[in-house]
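A short worksheet on the structure shown next.
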There are 2 protein chains.
Amino acid sequence: MALRHAVLAALLGEELSGYQLAKAFDVGVANFWHALPQQLYAELARLEKDGLITGREVVQDTRPNKRLFQVTDAGSAELEQFTATAAKPSSIRDDLLVKVQAADHVDTGQLIAQLAERATFAQGKIELFERLLHTMRGDSTEEHFLRHGERIGPYLTCLRGLAFEQGNRDWCERSAAVLRERQATRVGD
Amino acid sequence: MALRHAVLAALLGEELSGYQLAKAFDVGVANFWHALPQQLYAELARLEKDGLITGREVVQDTRPNKRLFQVTDAGSAELEQFTATAAKPSSIRDDLLVKVQAADHVDTGQLIAQLAERATFAQGKIELFERLLHTMRGDSTEEHFLRHGERIGPYLTCLRGLAFEQGNRDWCERSAAVLRERQATRVGD
DNA sequence: CGATGATACTCAAGAAAGTGACTAATCATA
DNA sequence: TATGATTAGTCACTTTCTTGAGTATCATCG
């Protein structure tokens, strides 16, 4: 019962189709909640059935028709109530960290390659987030935007995503460097 | 098929009981993989059935008997193979971020309280990780340990956990400060 | 003109994860 | 001498997530 709230939060402020929502969950929202398109369509159906969102059909000439969803008052109330409940600690799942945990017992070369790949991926995300942040704040400085901007929720979560990916990149690079150095040392033994 | 590898990785180097493993998943391993005790017991049973770990009964006088598990050669091979496959991008799930995403539409007071609580929690984790890191490296400096230490996998993942929680703490504090300032501004309107 | 890719979804099956309740012994403490 | 905490697990049930395939239209590129 939590994807539910992530979807509601993503739908606040803008009407989206399932397809657009899936895109959003692929870039921005993915920082704090990950979901596949199929889950989103299913969740949208449930939310509509429960009256927390309403959908309207939009007929399109050049593309398949779509349904745009927006949060109802009941949906807002649900989110409000959700916010009032205690937050569970965040749960992370990362294959790569599992592999690094076993670093002393597995093939170092593979691990280094995967750390490098992840660092590159993180760098891409960093650049994306920096662009997103800039788009959101427009001409204002960050400080000014955070004080006086209208919609700062997505900005704040994006800031967390940025810091997270910077942490990822730095850690991947450092870990890869450490493993490389140890490899070199061992060869030189 | 992923908790499987997290359990194997946690069991490398040390023989643990299900109960001890659950503790490990509550502190260190939780940084990159979260699981409840019930899941771990179930996974241990599966791993043993598949011959990736072996358990031995340890009779105890003062406490209930326990079963200690260790990774078999087949288990090591499985981990090795797992490392060779491409890592999926990490998946995060965080209630609190969902709430912040909706920050402009929900009760700010609650949110600030939860951010403060999370910052405190993160601070506790930071201190725990710093202690763990110190224990692992003993008298060596970090640099020396990473170059010449025997078992650096858990150290590296702990470093990531530390950075993650520092990021959490900083972001929570900043977000809470921003929301407080806006609250004050609005009152002053 | 055919291939590829984007838009916009749907369905079904199976694997994984989460929830809640429960047993049973010992130890500390008030 | 009850009370609760800690150690050490088990069972059953439900929800959620992932995987894989499939439908249909239009736009673009070579």
Side-chain angles (χ1 to χ4, degrees), chain A residues 1-7 15-27 29-30 32-50 53 55-69 85-95 98, chain B residues 1-8 15-27 29-30 32-50 53 55-69 82 85-95 98:
Chain A
M1 294 289 242
L3 173 58
R4 192 179 195 72
H5 301 109
V7 169
E15 221 177 6
L16 295 174
S17 68
Y19 192 77
Q20 291 172 303
L21 188 64
K23 296 275 164 191
F25 267 77
D26 220 44
V27 287
V29 183
F32 52 92
W33 212 274
H34 164 256
L36 297 168
Q38 294 96 311
Q39 283 173 267
L40 297 174
Y41 284 113
E43 195 59 53
L44 285 171
R46 243 166 304 178
L47 283 164
E48 192 180 21
K49 195 195 68 193
D50 296 346
I53 59 174
R56 63 186 182 91
E57 183 92 12
V58 173
V59 180
Q60 299 185 115
D61 286 355
T62 67
R63 312 195 158 282
N65 296 345
K66 62 182 173 183
R67 301 199 67 214
L68 292 181
F69 294 93
T85 65
K88 297 176 195 166
S90 67
S91 85
I92 308 190
R93 261 139 207 223
D94 196 334
D95 274 12
V98 172
Chain B
M1 296 289 243
L3 172 58
R4 189 178 196 74
H5 301 110
V7 170
L8 282 174
E15 220 178 7
L16 295 175
S17 68
Y19 190 78
Q20 290 172 304
L21 188 64
K23 295 277 165 190
F25 266 76
D26 220 45
V27 287
V29 184
F32 53 92
W33 213 275
H34 165 255
L36 297 169
Q38 296 95 311
Q39 287 173 265
L40 297 175
Y41 284 112
E43 196 58 52
L44 285 171
R46 246 169 312 200
L47 282 165
E48 193 180 20
K49 196 195 67 192
D50 297 346
I53 59 174
R56 61 186 183 91
E57 184 93 12
V58 173
V59 180
Q60 301 185 116
D61 286 354
T62 67
R63 314 200 154 280
N65 297 346
K66 62 182 173 182
R67 300 198 67 217
L68 292 181
F69 294 94
F82 170 67
T85 65
K88 298 176 192 165
S90 67
S91 87
I92 309 188
R93 264 140 206 219
D94 196 333
D95 275 12
V98 171

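So you know, we letter chains A, B, ... as the sequences are listed, proteins then strands, and number each from 1.
- In the set C/dC11, D/dG9, C/dC9, C/dC9 carries the atom at the smallest distance from any side-chain atom of A/Tyr41.
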Between the protein and nucleotides 13-17 of chain D, which nitrogen or oxygen pairs come in under 3.5 angstrom?
residue : atom : partner : partner atom : Å
D/dT16  : OP1  : A/Met1  : N            : 2.5
D/dC17  : OP1  : B/Arg93 : NH1          : 2.8
D/dC17  : OP2  : A/Gln39 : NE2          : 3.1
D/dC17  : O5'  : A/Gln39 : NE2          : 3.2

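- Closest to the side chain of B/Tyr19, from the set C/dA8, C/dC9, D/dT6, is D/dT6.
- Place B/Gln20 and B/Lys88 on DNA chain D by their nearest nucleotides, and B/Gln20 ends up nearer the 5' end.
- Taking 4.0 angstrom as the limit, B/Ser17 places a side-chain polar atom (N or O) nearer than this to OP1 or OP2 of D/dG9.
- A donor-acceptor pair under 3.5 Å is absent between the side-chain atoms of B/Arg4 and the main chain of B/Glu43, judged by distance alone.
- A sub-4.0 Å separation between OP1 or OP2 of C/dT7 and a side-chain N or O of A/Lys23 is present.
- Between the B/Tyr41 side chain and the B/Tyr19 main chain, a donor and an acceptor come within less than 3.5 Å of each other.
- Between the side chain of B/Glu48 and the backbone N or O of B/Ala45, no donor-acceptor pair lies under 3.5 Å.
- The side chain of A/Thr62 has D/dC26 as its nearest neighbour among D/dT19, D/dG9, D/dC26.
- Across C/dG20, C/dT7, D/dT19, the shortest atom-to-atom separation from the side chain of A/Arg63 is found for C/dT7.
- If you take NE2 of B/His5 and C1' of C/dA16, they are 14 Å apart, rounded to a whole angstrom.
- Between A/Gly18 and A/Leu44 the shortest heavy-atom distance is CA-CD1, 3.5 Å.
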- Item | side chain to side chain contact (heavy atoms under 4.5 Å, CB included) between A/Val7 and A/Phe69, intermediate numbers included | CA-CA 11 Å; A/Val7 169; A/Phe69 294 93; over 6 Å; no
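- Residue A/Gln38 has no polar side-chain atom (N or O) positioned under 4.0 Å from OP1 or OP2 of D/dT18.
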- Given side chain to side chain contact (heavy atoms under 4.5 Å, CB included), test B/Gln20 with B/Leu68 step by step and report yes or no. CA-CA 9 Å; B/Gln20 290 172 304; B/Leu68 292 181; 3.6 Å; yes
